[in-house]
Enquirer: 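Please see the structure below; I have some questions.
Just so we're on the same page: letters track the sequence lines, and every chain starts at 1.
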Number of protein chains: 2
Amino acid sequence: MATLADVARHAGVAASTVSYVLSGKRSVSEATRRRVQRSIELLNYHPHAGARALASSRANVLALIVPLRGDLYVPVMMQIAIGVVTTARQFGYDVLLLTNDEGSDGIRRVASSSRADAIILTDIGMEDGRIDAVRKAGIDAVLIGVPADPAGLDCVDLDFAEAGRLCVEHLTRLGHRTVAFIGEAEGIYRRHVGFAERTLRGIRAAAAARGVDLVHRPCEGSYEAAAGVLARILEERPHTTALIVQNEAIIPPLMSLLRMAGRTVPEHVSIVALCPDQLAEQTSPRLTSVNMPAQELGTRAVDLLMRRMNDGDSGEVVLIPPGLTVRGSTAQAPGTEEQPVSAL
Amino acid sequence: MATLADVARHAGVAASTVSYVLSGKRSVSEATRRRVQRSIELLNYHPHAGARALASSRANVLALIVPLRGDLYVPVMMQIAIGVVTTARQFGYDVLLLTNDEGSDGIRRVASSSRADAIILTDIGMEDGRIDAVRKAGIDAVLIGVPADPAGLDCVDLDFAEAGRLCVEHLTRLGHRTVAFIGEAEGIYRRHVGFAERTLRGIRAAAAARGVDLVHRPCEGSYEAAAGVLARILEERPHTTALIVQNEAIIPPLMSLLRMAGRTVPEHVSIVALCPDQLAEQTSPRLTSVNMPAQELGTRAVDLLMRRMNDGDSGEVVLIPPGLTVRGSTAQAPGTEEQPVSAL
DNA sequence: AAGGCCAATCGAAGCGCTTCGAGACCGGGC
DNA sequence: GCCCGGTCTCGAAGCGCTTCGATTGGCCTT
């Protein structure tokens, strides 16, 4: 394996000159640059990452911490990871994958061994212990998700409160007055995971503002859970004409259950989902939904991190504005009439 | 940040002694060892990963290459990743995440810059160009998946041929004679992805051996695709009494479509799925299925890699034996009688 | 013609760790 | 009393790179 010294010898220059050709940190004459470049190619030279990290004290590596649980919003996490990796590569960074079972220890380990220059955290709780670890470790970080107190932290997330509001708004325009919000699993709320809480608040606030009769029901990802929750809703609140669904896993079961209960979508019941567009396109009828731009979250997180590391910016909370796409799962509420546009 | 030299000074020993305490490569007296340990803790010392990599020429990092497409068997990939990361950590390794858009370049880059000591490849094609890149780069690797010619390579995979056979066997025992295999998307077969081809072969061979009338239909992940494929099967082969389904994404649509077509599962049509158990548990009725042990694949891949790196073993193909779990989606074929056990 | 400035290049000093050869010390065998 | 073999420790030499003066010419000023 060729080293920088080999290249320097071959090109007849000093090692430092090769280094400057590579980094561009000092000017090098066109002639020399070309000669060095040729030697690099001829010798098939690749700088040694470890040596570089040691000499420059920058590893050119980001750490991405993902939740361990293989059950929760998996496709979303995968998309985030893909966004992070591809964007990081554009900045010359590689990505280290950590799971949450190492918890704050992982953060400390990676930071204090200089394995990574910065960290991206996901699955942020309202009061997240890892934030403290990040502060103490003195390593740059970006959160995908927003904790209760984001002061001084860089965060990226979908504006879930606004997403919730959009759902309610869409439904009220269609004349729905009795709505059920089928949310994430109980445990998510107990852990105070930010996005779930914010969605709920957004929906509640919007419902209150518009006089919508709203009920919130957490729901696990299984068929049985969906069946139980739906049965209870239909029994206790038979006038329910619309559902907002956040737990993407139960959307297919929910739709067959409704069909079996003799309630067709969207004639009897409208459904708005909070899920990736791809999923919304896969059902029949297609789902009116607020998109979950997972890959963009990853991309934006890296952008933010780069700005933070290079320009010293920090403390920015980026909320991506959600968009509601009307598809086939929502319709005018039964027994109501279309409102004239001017009345909106 | 404390360095090894700081620790040595604090403990009153030579730097090399500290190093030996850390690595255990030479014996150190109990007294010294303790003194050094105390200093390490007091100074909160963590070895610098880059310096270590440079001096020892081992990075203690594995690279995991995942497909970029966010659509294909995503939960499976995520599980594999989790298995890889947690197992790698047990061996003191971190995991670098690469996407396939870098392709063979990524392999070369990581290998020749010594960023990683070994590579785990996923989504293996029968003739996979990256295998050549791995050979040329001279880096240890393990494939999750098996190419056409695995000579000299370490591979881990589910025994898909056997999995296919199990499905057919289960169905024939229940008296089914006309079976449709709804497979992965067309493109997968065109790319000759190993697992899809092997499953198909296993099913075909088993069907031929038992005189089962089999048809294979590739199918995309969308509702429409599922509807089209199912309609065609029911039209062309109305006697079909059983389905084997590999593309997990279309299982929910398939089940509602059957219901809408007035064919109940399992009374009129039996379904066997090739999918993670978790998914098989989420439908109603629950699916008789062959499990996809994704996390185990990741774990085994790392085990294999460690054995390869430490003991110099190589050329092993580990096929995990599949298991079929009978749940509610399969039943005796209509118009047939239960076979006495002795006739099996 | 001397002085000054800039661009281009060099050499040396690390970065923090591992590893190897060698020294110091101790007890046992002759 | 001396040599031998172990055990424990030390010092020095790198690993391959970056970075910071310092040096060298060439060209423009004055």
Side-chain angles (χ1 to χ4, degrees), chain A residues 1-40 43-61 92 94 109-117, chain B residues 1-40 43-61 92 94 109-117:
Chain A
M1 199 109 294
T3 72
L4 189 151
D6 296 334
V7 174
R9 208 171 309 123
H10 184 270
V13 299
S16 48
T17 302
V18 177
S19 181
Y20 288 126
V21 167
L22 253 27
S23 70
K25 294 195 178 174
R26 282 197 187 175
S27 57
V28 172
S29 74
E30 191 52 33
T32 313
R33 182 197 314 288
R34 264 208 289 275
R35 200 144 36 88
V36 170
Q37 287 289 12
R38 262 203 65 232
S39 301
I40 288 179
L43 300 182
N44 190 27
Y45 166 71
H46 292 263
H48 186 286
R52 214 167 221 196
L54 177 56
S56 65
S57 48
R58 318 205 307 94
N60 280 287
V61 169
D94 272 307
R109 187 171 60 77
V110 159
S112 53
S113 66
S114 299
R115 235 199 214 308
D117 305 314
Chain B
M1 199 109 296
T3 72
L4 190 152
D6 296 334
V7 174
R9 208 171 307 125
H10 184 270
V13 299
S16 49
T17 303
V18 178
S19 180
Y20 289 125
V21 167
L22 253 28
S23 69
K25 293 194 179 175
R26 283 197 186 175
S27 58
V28 173
S29 74
E30 192 51 34
T32 313
R33 182 196 316 289
R34 264 208 289 276
R35 201 143 35 88
V36 170
Q37 288 289 12
R38 262 203 64 233
S39 301
I40 287 179
L43 300 182
N44 189 27
Y45 166 72
H46 292 263
H48 187 285
R52 215 167 220 195
L54 177 57
S56 66
S57 49
R58 318 203 310 95
N60 281 288
V61 168
D94 273 308
R109 187 171 61 76
V110 160
S112 53
S113 66
S114 300
R115 232 196 214 312
D117 305 314

Enquirer: Compare every heavy atom of L4(B) with every heavy atom of Y45(B), then report the nearest pair and how far apart it is.
Expert: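 Y45(B) and L4(B) have their closest heavy atoms at CE1-N, 3.3 Å.
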
Enquirer: Give the rounded distance in Å between these two atoms: CZ of R9(B) and P of dT9(D).
Expert: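 From R9(B) CZ to dT9(D) P: 19 Å.
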
Enquirer: Taking 4.0 Å as the cut-off, does a side-chain nitrogen or oxygen of Y45(B) come that near to OP1 or OP2 on dC17(C)?
Expert: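 The answer is yes; a side-chain N or O of Y45(B) sits under 4.0 Å from OP1 or OP2.
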
Enquirer: At under 4.0 Å, does any side-chain N or O of T17(B) touch on OP1 or OP2 of dT9(D)?
Expert: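 For dT9(D), neither OP1 nor OP2 has a side-chain N or O of T17(B) closer than 4.0 Å.
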
Enquirer: Do R38(B) and R34(B) have side chains that get closer than 4.5 Å, going by heavy atoms?
Expert: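 Result no, sub-4.5 Å side-chain heavy-atom pair not found.
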
Enquirer: Where the side chain of S19(A) is concerned, which of dG14(D), dT9(C), dT18(D) is the nearest nucleotide?
Expert: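 Looking only at heavy atoms from C-beta outward on S19(A), the closest nucleotide is dT18(D).
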
Enquirer: By the 4.0 Å heavy-atom rule, please label T3(B) as base, sugar-phosphate, or nothing.
Expert: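 Result for T3(B) = sugar-phosphate.
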
Enquirer: Could you check how far CD1 of I40(B) sits from P of dG16(C), rounded to whole Å?
Expert: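 Whole-Å distance recorded here is 16 Å.
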
Enquirer: May I ask you to test the L22(B)-I40(B) pair for a side-chain heavy-atom distance under 4.5 Å?
Expert: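 Touching, per the 4.5 Å side-chain cut-off.
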
Enquirer: Go nucleotide by nucleotide along DNA chain D from the 5' end; which of M1(A) and S16(A) gets its closest nucleotide reached first?
Expert: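 Residue closer to the 5' terminus by nearest nucleotide: M1(A).
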
Enquirer: Nearest nucleotide by nearest heavy atom, which residue falls closer to the 5' end of DNA chain D, S56(B) or S23(A)?
Expert: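 Checking each residue's closest nucleotide, the 5'-ward one belongs to S56(B).
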
Enquirer: Take K25(B) and G50(B), find for each the nucleotide of DNA chain C with the closest heavy atom, and name the residue whose nucleotide sits nearer the 5' end.
Expert: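 Checking each residue's closest nucleotide, the 5'-ward one belongs to G50(B).
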
Enquirer: Considering only dG16(C), dT9(C), dG14(C), which nucleotide approaches the side chain of V28(A) most closely?
Expert: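 Looking only at side-chain atoms, V28(A) lies closest to dT9(C).
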
Enquirer: Examine the base of dT9(C) for any acceptor or donor lying under 3.5 Å from a partner atom in the side chain of R26(A), and report the outcome as yes or no.
Expert: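 For R26(A), whose side chain was compared with the base of dT9(C), there is a donor-acceptor pair (under 3.5 Å).
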
Enquirer: Donor-acceptor pair under 3.5 Å: do we get one between Y20(B)'s side chain and the base of dC17(C)?
Expert: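 A donor-acceptor contact between them is absent.
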
Enquirer: Report yes if a side-chain nitrogen or oxygen of R52(B) is closer than 4.0 Å to either non-bridging phosphate oxygen (OP1 or OP2) of dG16(C); otherwise report no.
Expert: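 The answer is no; no side-chain N or O of R52(B) sits under 4.0 Å from OP1 or OP2.
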
Enquirer: Hey, does S29(A) reach any base, or is it just sugar-phosphate, or nothing, if we go heavy atoms under 4.0 Å?
Expert: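 The residue S29(A) makes sugar-phosphate contact but no base contact.
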
